[in-house]
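Letters A, B, ... mirror the listed sequences (proteins, then strands); counts begin at 1. None of the values given here were measured: they were computed from a predicted structure.
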Protein chains: 2
Amino acid sequence: MSDLLERLRGRGWRMTAQRRVVAEVLDGDHVHLTADEVHARAVAKLPEISRATVYNTLGEMVTLGEVIEVSTDRRAKRYDPNAHRPHHHLVCARCGAIRDVHPAGDPLADLPADERFGFTVSDVEVTYRGICPNCAATA
Amino acid sequence: MSDLLERLRGRGWRMTAQRRVVAEVLDGDHVHLTADEVHARAVAKLPEISRATVYNTLGEMVTLGEVIEVSTDRRAKRYDPNAHRPHHHLVCARCGAIRDVHPAGDPLADLPADERFGFTVSDVEVTYRGICPNCAATA
DNA sequence: TCCTACAATGGACTAAGTCCAAGTCAAGTG
DNA sequence: CACTTGACTTGGACTTAGTCCATTGTAGGA
């Protein structure tokens with residue numbers, strides 16, 4: 001049922017009710033939640049869970065590479081459990097809706113050596129912006 | 001002397017001492033400043049300028065398309081006056097240093113129609129992450 | 001069952017940014 | 001040039017998102 005939970009367990013994570021609940025929330029199809037949204041859903045399942053724990057747990061999942069932090073809008077970070085398959089994001093500039101997308105080609109390869117300034121480049125994050133069909137309809 | 005200032009004037013901006021100072025700060029080679037850094041430098045030239053005005057002015061410049069907002073780290077937004085030439089960013093994951101880069105190819109073209117979900121895609125923002133030479137040396 | 005190191009709690013704290021009512025002033029008009 | 005007016009600025013209170021930490025609780029091994 002919970003792939004995410006399985007993977008975390010396999011890494012020697014100490015399993016607690018709180019961590020299970022956070023993993024379950026992220027593992028649904030409710031992707032791209034903010035930390036507060038995760039907390040709200042977690043509270044529904046485990047009323048006494050604290051905000052600090054949710055932040056800690058999300059942070060650990062990010063460190064373990066099981067969840068990706070996305071900061072597409074300028075407000076809160078969002079958490080994307082779809083970390084096992086590389087992807088990028090398409091964001092509606094009006095309503096903030098987010099879709100996962102898979103562009104052709106490898107943007108990393110598009111950065112020539114003379115544009116790397118001696119950096120060891122390890123990662124690339126691409127955010128497309130535009131207007132979603134919904135917002136376009138109500139323009 | 002101040003290209004940015006010239007362009008803004010040409011758009012019917014009401015010119016005030018505050019706006020001039022903010023434009024001057026951004027127009028130097030001091031790129032990628034946070035709003036607070038802009039404010040600090042502005043205060044050096046015009047002691048009574050307020051934080052709110054700096055935020056307002058930066059926001060207007062962004063709206064006019066003369067300045068780009070960059071949120072590479074998860075802290076404060078940074079402001080990049082180099083808006084007239086499309087470019088992307090290379091960020092050091094350790095120290096946060098930022099360089100402008102110009103990748104080959106057009107990432108927008110790499111997003112196939114069937115990955116656009118009906119969005120009208122107008123913009124793309126690419127952030128490369130890695131370790132800068134400085135940080136690599138002191139690893 | 002008991003221990004103990006790791007985890008959770010919650011409330012105070014910080015950073016970054018927004019809001020607003022009141023005062024100020026740039027620039028067009030006569 | 002003086003006047004007028006609506007746009008601009010101010011500063012302080014407020015909000016939002018997130019961090020910190022001392023204390024309390026507990027998972028899981030011996």
Taken in chain and number order and not counting sequence neighbours, the residues that satisfy side-chain contact (heavy atoms from CB on, under 4.5 Å) with Thr53(A) are Gln18(A), Ile49(A), Ser50(A), Thr57(A)
Between NZ of Lys77(A) and P of dT16(D) the distance, given in whole Å, is 18 Å
If you apply the rule salt bridge (Lys or Arg N to Asp or Glu O under 4.0 Å), what do you find for Arg78(A) with Glu37(A), and how did you get there? CA-CA 9 Å; Arg78(A) 292 174 176 278; Glu37(A) 285 163 356; 3.6 Å; yes
Protein heavy-atom contacts under 4.0 Å, written 5' to 3' over nucleotides 24-30 of chain D as B (base), S (sugar-phosphate only) or - (none), form the string -BBBS--
From CG of Leu58(B) across to P of dC8(D) the rounded distance in Å is 15 Å
Of Ala52(B) and Asp36(B), the one whose nearest nucleotide on DNA chain C sits closer to the 5' end is Asp36(B)
### Within-4.5 Å side-chain heavy-atom neighbours: Met15(A) and Arg20(A)
yes
Students should find that the hydrophobic cluster of Val31(A), defined by side-chain heavy atoms under 4.5 Å apart, otherwise consists of none
Given the options Thr34(B), Leu33(B), Val62(B), Val70(B), Tyr79(B) meets side chain to side chain contact (heavy atoms under 4.5 Å, CB included) only with Val62(B)
- Cluster question for you: counting only ILVMFWY and a side-chain heavy-atom cut-off of under 4.5 Å, with indirect links fine, are Val43(A) and Tyr55(A) together? no
Bounded by its outermost nucleotides with an atom under 4.0 Å from a heavy atom of chain B, the footprint on DNA chain C reads dA16(C) to dA27(C)
Axis-to-axis angle across the helix from dT1(C)-dA30(D) to dG30(C)-dC1(D), five pairs each end, nearest 10 degrees, ~ 30°
### Task
Indicate whether any N or O donor in one side chain lies under 3.5 Å from an N or O acceptor in the other, for Asp100(A) and His88(A).
no
- Can you find a pair of side-chain heavy atoms, one from Pro107(A) and one from Pro103(B), that are under 4.5 Å apart? no
Rounded to whole Å, CG of Leu8(B) lies from P of dC8(D) at a distance of 12 Å
Separation of dT15(D) atom C1' from Arg75(A) atom CZ, nearest Å, is 9 Å
Is the shortest heavy-atom distance from the side chain of Thr127(A) to the side chain of Val124(B) under 4.5 Å? no
| query | Would you say the side chain of Glu125(B) lies within less than 4.5 Å of the side chain of Arg129(A), judging by non-hydrogen atoms? | reply | yes
Original post:
Is it true that the side chains of Asp80(B) and His87(B) contain a donor and an acceptor less than 3.5 Å apart?
Top reply: yes
Shortest non-hydrogen pair, Met61(B) vs Arg19(B), comes out as CE-O, 4.5 Å
Expected list for residues 42-51 of chain B near DNA chain C, using heavy atoms below 4.0 Å, is Arg51(B)
Main chain of Leu64(A), side chain of Arg11(A): is a donor-acceptor contact present, judged purely on distance under 3.5 Å? yes
